[in-house]
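What follows is a short report on a single structure.
Below, chains carry the letters A, B, ... as their sequence lines are ordered, and counting in each starts from 1. Computed from heavy atoms alone, side chains included, the values below leave out hydrogens, waters and symmetry copies. The model shown is predicted, which means the values in this text are computed figures rather than measured ones.
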Number of protein chains: 2
Amino acid sequence: MARPREFDEVRAVDAAMRAFWTAGYEGTSTQDLCEVTGLGRSSIYNTFKSKRDLFGRALARYMEVKNAGLSELMESGLPVRQKIRTQFQRVIDEEFERGPEGGGCLVVHTAVEVAARDREVAGDLARDYQVRLAVIRTAIEAGQRDGDIARDKDSAALAHFVIATIAGLRISARVTPQRSVLESVADAAVSAL
Amino acid sequence: MARPREFDEVRAVDAAMRAFWTAGYEGTSTQDLCEVTGLGRSSIYNTFKSKRDLFGRALARYMEVKNAGLSELMESGLPVRQKIRTQFQRVIDEEFERGPEGGGCLVVHTAVEVAARDREVAGDLARDYQVRLAVIRTAIEAGQRDGDIARDKDSAALAHFVIATIAGLRISARVTPQRSVLESVADAAVSAL
DNA sequence: CGAATTTTGAACCACACAGTCCAAAATGAA
DNA sequence: TTCATTTTGGACTGTGTGGTTCAAAATTCG
């Protein structure tokens with residue numbers, strides 16, 4: 001055998017994820033990646049093929065973590081409307097966690113910055129969208145069976161609407177940093193279910 | 001006097017606007033700007049202080065044009081719900097005009113790419129948001145007087161909701177390029193008014 | 001220990017970037 | 001025609017980028 005790694009690959013991806021999260025793909029230099037991971041360039045390029053490759057791993061991890069949280073909520077015992085309102089609230093809280101520099105969503109950032117020029121990333125985003133759609137749609141259909149949501153409504157359309165609202169909240173938060181405004185938007189959206 | 005300009009400053013800003021529109025601030029190089037405007041570097045740096053300055057001009061022009069269209073629609077004689085549904089439709093159509101590479105919105109792109117690091121731009125976006133808010137809110141209040149929208153609803157909250165929905169449509173369009181999906185989202189949103 | 005193997009850090013590379021400079025061309029006024 | 005003034009194109013600069021190379025250090029196994 002030979003010399004073992006001095007670092008944990010998962011932790012490195014995690015650190016890279018946070019960097020891309022706050023600065024986007026282009027906004028994060030390889031130097032930045034070295035600093036946040038604490039690794040040297042060689043270690044990074046030995047472990048990951050390229051910046052692009054590391055970004056892919058970081059994006060996948062981001063989606064994994066976020067969707068785990070979403071699924072956990074959507075499969076909870078709460079009434080549907082409350083599930084969805086809670087998800088909206090999580091988004092709002094996350095956007096305001098740190099200052100206007102902080103928040104943001106890697107998926108949204110990637111959708112506007114990278115997706116148009118990179119088919120593979122676009123495919124990843126599309127697949128991730130479908131995952132979120134299915135999870136939310138299932139919860140909505142359960143709600144329809146419970147009588148919380150009208151049965152004649154199209155569950156898929158409502159799920160798309162919920163996803164679009166989340167994105168809308170995130171963009172609005174970048175421009176209008178007032179919690180109360182976003183909460184009123186969330187309330188209005190829930191009333192459309 | 002001396003040699004006159006060979007180009008029209010407004011046309012140059014317009015060309016720059018289109019470039020930033022499709023590629024964003026960082027994604028548009030000064031070389032790109034030379035090509036789309038047809039000007040040399042000297043002419044650009046003589047007329048505008050910097051890339052950043054030209055971007056500011058381009059962004060302002062974008063807002064001006066877009067808000068003119070919005071105002072015209074909101075001040076038309078249509079019923080409110082139809083005004084808003086039409087605006088949603090315009091956004092959807094615009095996003096699908098060219099391929100997934102094409103569409104996009106300079107304001108959204110700017111909000112996620114540069115607003116977090118540039119206070120002045122963030123201020124411009126915030127001001128623009130207020131303009132759109134006022135225009136939409138006024139239309140909603142007119143609708144309330146006409147009895148098209150319940151009078152006990154908060155017109156400002158609904159206007160914020162409309163703006164967030166537009167942003168949500170735009171982000172969704174980047175990821176899920178199916179017109180029918182976005183149109184169902186638009187319908188769902190209108191039903192919340 | 002010593003050989004095989006891997007990681008690591010630092011120097012290095014070519015390139016693209018935003019921005020500057022300057023001489024030549026173009027123009028209008030005198 | 002000449003002079004003052006401005007525009008224009010192209011060469012240039014310094015910096016930061018993503019990525020490569022390579023020798024030295026570190027480790028495990030025989």
For the pair B:Arg119 (side chain) and B:Ala115 (backbone), establish whether a donor and an acceptor sit closer than 3.5 Å, ignoring hydrogens and angles. no

Here the distance between atom P of C:dA16 and atom NZ of B:Lys51, to the nearest Å, is 15 Å

Please state how far atom CD in A:Gln31 lies from atom P in C:dG9, giving the value in whole angstrom units. 13 Å

Calculate the interatomic distance between B:Asp53 atom CG and C:dA18 atom P; express it in whole Å. 15 Å

Distance alone, cut at 3.5 Å: any donor-acceptor contact between the side chains of B:Ser184 and B:Asp187? no

Between A:Leu182 and A:Ser172, is any pair of side-chain heavy atoms under 4.5 Å apart? yes

Closest to the 5' end of DNA chain D, once B:Gly40 and A:Thr30 are matched to their nearest nucleotides, is B:Gly40

Kindly indicate whether the side chain of B:Phe88, heavy atoms from C-beta on, has any atom under 4.5 Å from the side chain of B:Ile166. yes

Separation of C:dC17 atom C1' from B:Tyr45 atom OH, nearest Å, is 9 Å

A:Tyr129 ring center near A:His160 ring center (under 6.0 Å): yes

Side chain to side chain, B:Val107 and B:Arg132, heavy atoms closer than 4.5 Å: yes

Integer-rounded Å distance: C:dA18 P and B:Phe48 CZ: 16 Å

Any protein N or O atoms within reach of nucleotides 21-23 of chain C? Criterion: under 3.5 Å, listing atom names and distances.
residue: C:dC21; atom: N4; partner: B:Ser42; partner atom: OG; Å: 3.1

Taking atom types as modelled and ignoring hydrogens, do the side chains of A:Ser29 and A:Asp32 form a donor-acceptor contact shorter than 3.5 angstrom? yes

Please determine, by modelled atom types, if A:Gln89 and A:Asp93 share a side-chain donor-acceptor pair under 3.5 angstrom. yes

Integer-rounded Å distance: C:dC17 C1' and B:Leu54 CG: 16 Å

Bend across the helix from C:dC1-D:dG30 to C:dA30-D:dT1, to 10°, with axes taken over 5 pairs at each end? 0°

Between B:Glu9 (CD) and D:dT8 (C1'), how many Å, whole number? 16 Å

For a quick check of understanding: with a heavy-atom distance under 4.0 Å over all strands, which category does B:Ser29 fall into, base, sugar-phosphate or nothing? sugar-phosphate

Provide, to the nearest angstrom, the distance between the CG atom belonging to B:Leu33 and the C1' atom belonging to C:dA16. 14 Å

Ignoring backbone atoms, test whether A:Ser43 places a side-chain nitrogen or oxygen under 4.0 Å from the OP1 or OP2 oxygen of C:dT8. yes

The side chain of A:Asn46 is closest to which nucleotide in this list: C:dT8, C:dG19, D:dG19? C:dT8

Within the 4.5 Å heavy-atom criterion, are B:Thr138 and B:Glu75 side-chain neighbours or not? no

